[in-house]
Amino acid sequence: MSIENSLKNKIIDAFKKLNVSLSEQDIVIENSRSPEHGDYATNVALKYASRLGKKPIELANFLKGNLDMSEIDHIEIAGPGFINFFIKNDAINSIVKKIILEGDKYGHGEDKHKKINVEFVSANPTGDLHLGHARCAAVGDSICRLYEFAGYDVTREFYVNNAGNQIRTLGLSLDIRLRQLHGEKIELPDDSYHANDIIDIAKQYDKEFGKDYKVGDAKCLAHLTEYGMKAELKKIEKDLELFRTKFDIYSFETDVRKDHHVEDVLKNKFSKYSYIQDGATFLRTTDFLDDKDRAVIKSDGSFTYLMPDIAYHLIKLSRGYDQLIDVLGADHHGYINRMKSALMMQGYSKDVLEVELVQVVRLIKDGEEVKMSKRTGTGVSLRELCEEVGVDATRYFFVSRAASSHLDFDLNLASEQSSNNPVYYAQYAHARISKVLETAKDIKIDLDAPLLKEKKEMDLLKLLIEFPKLIEISAPKRAPHMVATYIQSLAAAIHGFYSECRVIDRDHLDVTSSRLALMKASQIVMKNALSVLGVSAPDKM
RNA sequence: GCGCUCAUAGCUCAGCUGGAUAGAGCAUCUCCCUCCUAAGGAGAGGGUCGGACGUUCGAAUCGUCUUGAGCGCGCCA
């Protein structure tokens, strides 16, 4: 049991003597910020005093006198009625052994028996992944890793919108590029895709099928379009893999339309909520969360994007997930309530789908914003980012801030291999430990680490203790940036300890053994934390 | 006009279910390698937490109003 839970139980027991029964959720134990407030503090006396007709100080003193004191060195009452706990060193030191024994499982949550589907990136296969996709990939994948580490069962899913206008545009762009290759004097229209990769694909296609291509032939165009879509998707997949992001399932909009009879879904499941106006079919989403009813069939008889998307979400739910999560660019926020409304029409709770909005990224180079555009081909792609600043730094930068925050991605800072770069700061802490452990590999490590008592040692220990709680809190919030923040303070604590406390001292092997254990434990936690973000933990730098 | 997201140090941002003196990095300024990686450490300066009111013993955090920014409000996806 963690020290925190142990304290809670002691408090619960003490309250029983007042005939008050509390549960763990009723009690807040927090890490004290300043040392004079002890190691942990609670506000229970402030919170429950008035309910018991007592003064907070009075209640605090009663609790102090009625607590089981094992693990506790002493207790102080402070301020308006805070109870500050000063924990015995050996109770704190015991975390070292636990961490070393658990290894890469330390911090891993218990099995939650919850199946979660996370859909992210879901870029149209019409070109390279750009900056926005890159952040979505980093955030989405880190959310998945965080959920997994916290004990959830996660499926990563990519939805390929391959039935809409954008694919048509892709086909037409390829068609024109192909004809240009054949010497035709023809201009690429403004609303086509101008990126160079379209030319590359056209060239490739030309090599394989060029001589059979008939301009104006619908079948040829369809073949070219399909070829282009597959080529684009393959590139996307490859880039994502480079970015350490692998999807379990790729779902295609064409399959949703073909295999799942979207018409029938609409007719059988949504007739109660649909109506026809001006020749188009609308869904009465305003009965639920939406501020406007949404068209699902256009007056020309074709579906809007929404209806297949609804069908797709129902398909996902039918696979038995407890929770669907969509990671979307912030400009899609208008979409949330219509999808939730549609799911509610089928009796689902509005919370069955959670949407994580990812704010835009500004790329900054030499103090100026680098504009990007997929269409003109001048933009910075995920692949270029990985090549220029590396996967570790890119991933770390994207998740180091809350997804809801706008992010300035400083290209100079991210690619800088120096102390200024927070990624290297953290990785360096890990590498330093590796070196120390390597140098001292002949010295026995004392798992009980009884001789840790310096301030820097205690600061580090307390951070190590916090890690499992951090995972439990940040996972349901889908907040990998909390892990990034933690990593920074952990790295600072490691560096601080390293500078102040000489680890290897062959004249004092008992202290050395304790400190080596602390190093080992710190290394494990740093590595586990970095892996939640998909960032490597190098042994050498 | 309606809705969503946001507003914290010069800049970029943390701040967990409300807690005791609001934190970090960058930038600026001081110090510290005969010693395990100086890609490091110690320290200084820098704040009306956009504003107002309210709830509370207690508010950056919760509520209402207000100001400003970004985005969305298609029979596009």
Side-chain angles (χ1 to χ4, degrees), chain A residues 25-26 28 30-34 36-37 41-43 46-47 49-50 55-56 78-82 84 124 161 163-167 253 277-282 290-292 294-306 308-309 329-337 357 359-360 364 367 400-402 404-410 413 416-425 427-429 431-440 456 466 469-470 472-474 477 479 481-482 484-486 488-489 491-492 494-505 512 515 519 540-541:
Chain A
Q25 291 92 350
D26 300 323
V28 176
E30 51 184 28
N31 301 316
S32 301
R33 245 186 302 168
S34 79
E36 65 221 62
H37 297 145
T42 182
N43 63 356
L46 288 158
K47 202 170 164 192
S50 62
K55 287 179 181 161
F82 290 104
N84 295 329
N124 292 318
N161 283 108
N165 282 334
Q166 280 149 356
I167 293 297
E253 185 182 353
Q277 191 180 345
D278 304 328
T281 305
F282 284 79
D290 214 348
D291 56 351
K292 205 176 276 189
R294 303 295 163 179
V296 284
I297 299 180
K298 305 179 214 169
S299 51
D300 69 2
S302 64
F303 289 117
T304 64
Y305 81 98
L306 184 60
D309 224 9
D331 53 339
H332 288 76
H333 62 72
Y335 156 105
I336 300 171
N337 281 337
L357 292 177
Q359 273 292 354
V360 292
I364 310 287
S400 62
R401 308 290 186 229
S404 59
S405 296
H406 293 251
L407 180 77
D408 279 5
F409 192 106
D410 187 330
L413 179 61
E416 196 175 325
Q417 305 217 351
S418 78
S419 59
N420 295 354
N421 191 329
V423 191
Y424 294 105
Y425 182 72
Q427 290 182 320
Y428 181 51
R432 262 184 155 177
I433 294 176
S434 295
K435 183 61 193 299
V436 172
L437 294 176
E438 173 64 23
T439 308
K456 294 289 182 184
E466 259 183 69
K469 185 181 163 198
L470 170 84
E472 286 301 321
I473 291 175
S474 54
K477 287 170 171 298
H481 76 278
M482 288 174 73
T485 305
Y486 174 82
Q488 286 306 300
S489 30
I494 291 171
H495 288 309
F497 163 75
Y498 180 94
S499 305
E500 201 141 308
C501 305
R502 171 90 200 170
V503 177
I504 302 172
D505 179 353
T512 299
R515 287 183 173 168
M519 288 273 82
K540 256 187 229 161
M541 286 175 75

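Chain naming here is simple, since letters A, B, ... match the order of the sequence lines and numbering starts at 1 in each.
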Checklist entry - Are the side chains of A:Thr42 and A:Glu30 in touch, meaning some heavy atoms are under 4.5 Å apart? => result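 Counting from C-beta outward, A:Thr42 and A:Glu30 never come under 4.5 Å.
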Please give, in whole Å, the distance from [N] [atom2] to [X] [atom1]?
X	N	atom1	atom2	result
A:Glu500	B:G41	CD	P	12 Å
A:Tyr486	B:C13	OH	C1'	20 Å
A:Phe82	B:U21	CZ	C1'	13 Å
A:Glu253	B:C76	CD	C1'	12 Å
A:His495	B:G25	NE2	P	11 Å
A:Asp278	B:G74	CG	C1'	14 Å
A:Arg432	B:C33	CZ	P	15 Å
A:Asp408	B:C6	CG	P	17 Å

For [X] and [Y], indicate whether the former's side chain and the latter's backbone hold a donor-acceptor pair under 3.5 Å.
X	Y	value
A:Ser302	A:Lys298	no
A:Asp278	A:Ala280	no
A:Ser299	A:Gly279	no
A:Ser400	A:Ala484	no
A:Thr439	A:Lys435	yes

What are the atom names and distances for every N/O pair under 3.5 Å that joins the protein to nucleotides 55-57 of chain B?
none

Touch check for [X], heavy atoms < 4.0 angstrom, all strands: base, sugar-phosphate only, or nothing?
X	answer
A:Asn84	base
A:Ser299	base
A:Gln488	nothing
A:Glu36	base
A:Ile297	nothing

Checklist entry - From B:A38, B:A14, B:C71, pick the nucleotide closest to the side chain of A:Ala402? => result B:A14
Classify the side chain of [X] and the base of [N] as holding, or not holding, a donor-acceptor pair under 3.5 Å.
X	N	answer
A:His406	B:C6	no
A:Asn43	B:G19	yes
A:His332	B:G72	no
A:Tyr305	B:A77	yes

Could you run down the sub-3.5 Å N/O contacts of the protein with nucleotides 61-65 of chain B?
none

Next on the checklist: Please identify which of these residues, A:Asn337, A:Leu306, A:Thr281, meets the side-chain contact (heavy atoms from CB on, under 4.5 Å) condition with A:Arg294.
Outcome noted: A:Leu306
Just to confirm, is there a sub-4.0 Å distance from OP1 or OP2 of [N] to any side-chain nitrogen or oxygen of [X]?
X	N	result
A:Lys292	B:G74	yes
A:Tyr425	B:G41	yes
A:Ser404	B:C6	yes
A:His37	B:G19	no
A:Lys435	B:U37	yes
A:Lys298	B:A77	yes
A:Arg294	B:G74	no

Checklist entry - Counting only Watson-Crick or G-U wobble pairs whose two distances fall under 3.5 Å, which nucleotide matches B:G3? => result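 For B:G3, the partner nucleotide comes out as B:C71, under the 3.5 Å rule.
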Checklist entry - Can you tell me the Watson-Crick or wobble partner of B:G58, both distances under 3.5 angstrom? => result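 Result: none.
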